[in-house]
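Report on the structure given below.
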Number of protein chains: 2
Amino acid sequence: MENLRYHYKYPHPNVTTDCVIFGFDGNKLNVLLVERGLEPYKGRWAFPGGFLNMDESAEAGALRELQEETGLKGAYIRQFHTFSDPNRDPRERILSVAYYALVRLQEVKGGDDAVKAEWFSLDNVPPLAFDHDEMLQMALKEMRKQIHFEPIGFELLPKKFTIKSLQQLYEAILNVKFDRRNFYNKMIHLGLLDQVNHDDENDVKEINFKFGPLEIDASFTRKPRRDALLYTFNAKKYEEMKQKGFKLEF
Amino acid sequence: MENLRYHYKYPHPNVTTDCVIFGFDGNKLNVLLVERGLEPYKGRWAFPGGFLNMDESAEAGALRELQEETGLKGAYIRQFHTFSDPNRDPRERILSVAYYALVRLQEVKGGDDAVKAEWFSLDNVPPLAFDHDEMLQMALKEMRKQIHFEPIGFELLPKKFTIKSLQQLYEAILNVKFDRRNFYNKMIHLGLLDQVNHDDENDVKEINFKFGPLEIDASFTRKPRRDALLYTFNAKKYEEMKQKGFKLEF
DNA sequence: GCAAAAGTGTTATCATTACACCCATGG
DNA sequence: CCATGGGTGTAATGATAACACTTTTGC
């Protein structure tokens, strides 16, 4: 009992942040899961997360966890819900402020070797610990909603990408199919894309993960007969358009 | 020190829920504020809220607070953000899980007399306590976003309403003007409205508040030459349409 | 009968959808 | 030279925006 050093007049819940990390493998949307090494739910997969420090905001906590798991600093994260069921954690009353993150698989180096982490494609996600199944569904829903208003998809692609891969990404996220020509026309006319040449040596290249059995779909790397043009996302143009008010829909 | 009865191995933050309560007076969007009777920020206006009980979810806590302040049970509420800056409350580390509520002004009876509560139109909101200014802005932004996808506006109107008042509501929320005829056409063709007759005695009537100096704009109650048709929102039809997938935009 | 607000339709414009042809390249 | 995927345009369709006339009713 000696180590119960923190005293309060009223009971306090504890608070964690959890992070649903989305990555795109060129074909499907993936999430990064870690295997729990401790009870409760030992051996089950869950989203990376952990207790909030007393001197950090929830966002800072989520970014810290994210860096610990993926090595990424300053990734794109977004708070989408706080889970607060009194019984969601069997240990004590714990709220979780949940974020989703959009990261480039290509840049994920892997973190701590202490935790076993693995990418799972969305149609292959195992049963998760705590209320993380619900967390995933809500993250997906919110992310799909957001992509109607903001070009967040670009966070998931390499800096330089083809329109085809952009289309595959949108199709994977929204679970729909677009006509190749209409998608191209819309994208070009939006003016958010800058064409770039791909003389640069380190463009798409091989993707080398330390994480589990992720197989990059061949269609992402197979050499087509004709090289596709590469584009980048013009964030400045986007900001301009946002000032004037516009809708970005798919 | 004897009353510090709750002991933890690690420090715990405290958690509140706060509720941005929106109401429509027929002309402008209003929020319900309470005057703080205690330090910190004594005398400043703030959103109703309070500490989360250990056995209730954040949503249950927000509904409880809402009922205490407005007398409304089971109102429409929606979680939109958790505020977590470590210094947002000078007393101790406190997170706030924030909700917005959409209520019918007509049905708000007022709660506890202990607290001074008042409606403020959006262009007349005083400086608020804590980070509640930011809270208001975010609530507005999220609510405006949501109204593009779901007909939440109906929560703010009486059960029976005219298309004109529905238009005024949308204009107040989105801060735009619509062509009266186009708005009418769109609404009618959407099929979400059922026409009802207004032989019922207790329809719109007088609005009688116990709250502050709210003045209902005369245009809401002034008798026009010709009675406008009354409509109700057809929730069943809405659910049907949602199944089939549709977009509700304005 | 006229002023004020309500109900409603028609056309022009713009965005979305469906669809097809030519080009570049590696084998 | 041909198979494969890439770049791009055009016509039909549907949605949104602009706009005006008629009806009701209290005075």
Side-chain angles (χ1 to χ4, degrees), chain A residues 26-27 147-149 151 157-158 160-171 174 176-199 203-204 217-232 241 244-250, chain B residues 26-27 147-149 157 160-171 174 176-199 203-204 217-232 241 244-250:
Chain A
N27 187 242
I147 210 171
H148 284 283
F149 292 107
L157 289 174
K160 300 180 179 185
F161 51 85
T162 62
I163 292 194
K164 181 187 177 67
S165 62
L166 182 61
Q167 180 178 348
Q168 286 175 319
L169 171 64
Y170 270 91
E171 291 179 342
L174 298 174
V176 292
K177 288 285 173 194
F178 296 111
D179 180 275
R180 184 174 65 91
R181 297 154 289 189
N182 290 337
F183 189 85
Y184 170 90
N185 286 333
K186 190 162 201 170
M187 274 299 161
I188 292 299
H189 292 134
L190 265 178
L192 290 174
L193 300 184
D194 287 341
Q195 201 181 314
V196 290
N197 45 14
H198 51 318
D199 42 20
D203 275 352
V204 175
D217 188 275
S219 69
F220 195 43
T221 45
R222 193 199 318 145
K223 189 78 176 168
R225 308 299 171 168
R226 177 182 180 177
D227 277 356
L229 297 178
L230 290 176
Y231 292 85
T232 56
M241 291 170 76
K244 294 184 202 148
F246 80 111
K247 269 190 292 190
L248 178 76
E249 303 231 351
F250 291 95
Chain B
N27 188 244
I147 209 171
H148 285 284
F149 294 106
L157 289 175
K160 299 181 179 185
F161 50 84
T162 62
I163 292 195
K164 181 187 176 70
S165 63
L166 182 60
Q167 179 176 350
Q168 285 174 319
L169 171 63
Y170 270 91
E171 290 178 340
L174 298 173
V176 292
K177 288 283 173 198
F178 296 110
D179 179 276
R180 185 174 67 91
R181 298 156 287 188
N182 289 337
F183 189 86
Y184 170 89
N185 285 334
K186 191 161 202 170
M187 275 300 161
I188 293 298
H189 292 135
L190 265 178
L192 291 174
L193 300 185
D194 288 342
Q195 201 182 314
V196 290
N197 45 15
H198 53 314
D199 42 19
D203 275 353
V204 175
D217 188 276
S219 69
F220 195 43
T221 45
R222 192 199 317 147
K223 188 81 175 167
R225 308 297 171 168
R226 176 183 180 176
D227 276 356
L229 297 177
L230 289 176
Y231 292 85
T232 56
M241 292 171 75
K244 296 185 198 145
F246 79 110
K247 268 189 294 189
L248 178 75
E249 303 232 351
F250 294 94

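Each chain gets a letter, A, B and so on, in the order the sequences are listed, and its residues count up from 1.
- In this structure A:Tyr231 satisfies the ring-ring contact (aromatic ring centres under 6.0 Å, His included) test with no other residue, sequence neighbours excluded.
- Going from atom CZ of B:Phe183 over to atom P of C:dA6 covers 13 Å, rounded to whole Å.
- In this structure, the CG atom of B:Leu229 is 12 Å from the P atom of D:dT24, given to the nearest Å.
- Atom C1' of nucleotide D:dT16 and atom CD1 of B:Ile188 are separated by 17 Å, given to the nearest angstrom.
- In this structure, B:Arg226 places its CZ atom 14 Å from P of D:dT22, rounding to the nearest Å.
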What does the list of N/O pairs under 3.5 Å between the protein and nucleotides 15-21 of chain C look like, with a distance for each?
unit_1 : atom_1 : unit_2   : atom_2 : d
C:dA18 : N7     : A:Asn182 : OD1    : 3.2
C:dA18 : N7     : A:Asn182 : ND2    : 3.0
C:dA18 : N6     : A:Asn182 : OD1    : 3.1
C:dC19 : N4     : A:Asn182 : OD1    : 3.4
C:dA20 : N7     : A:Arg181 : NH1    : 2.4
C:dA20 : N6     : A:Arg181 : NE     : 3.4
C:dA20 : N6     : A:Arg181 : NH1    : 3.4

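- Rounded to whole angstrom, the span from the NE2 atom of A:His189 across to the P atom of C:dC14 amounts to 15 Å.
- A:Phe178 pairs with exactly one of A:Glu171, A:Lys186, A:Gln168 by the side chain to side chain contact (heavy atoms under 4.5 Å, CB included) rule, that one being A:Glu171.
- The aromatic ring centroids of A:Tyr170 and A:Phe161 lie 6.0 Å or more from each other.
- Across the protein-nucleic acid pair, A:Asp227 atom CG and C:dG26 atom P stand 7 Å apart, rounded to whole Å.
- Here the closest heavy-atom approach between residue A:Met241 and residue A:Leu190 is recorded as CE-O, 3.5 Å.
- Look at NZ on B:Lys164: it is 14 Å from P on C:dA4, rounded to the nearest Å.
- Across all non-hydrogen atoms, the minimal contact from A:Asp179 to A:Gln167 is C-NE2, 4.1 Å.
- Put simply, CE on B:Met187 is 17 Å from C1' on C:dA6, counting in whole angstrom units.
- With sequence neighbours excluded, no residue forms a side chain to side chain donor-acceptor pair (under 3.5 Å) with B:Asn185.
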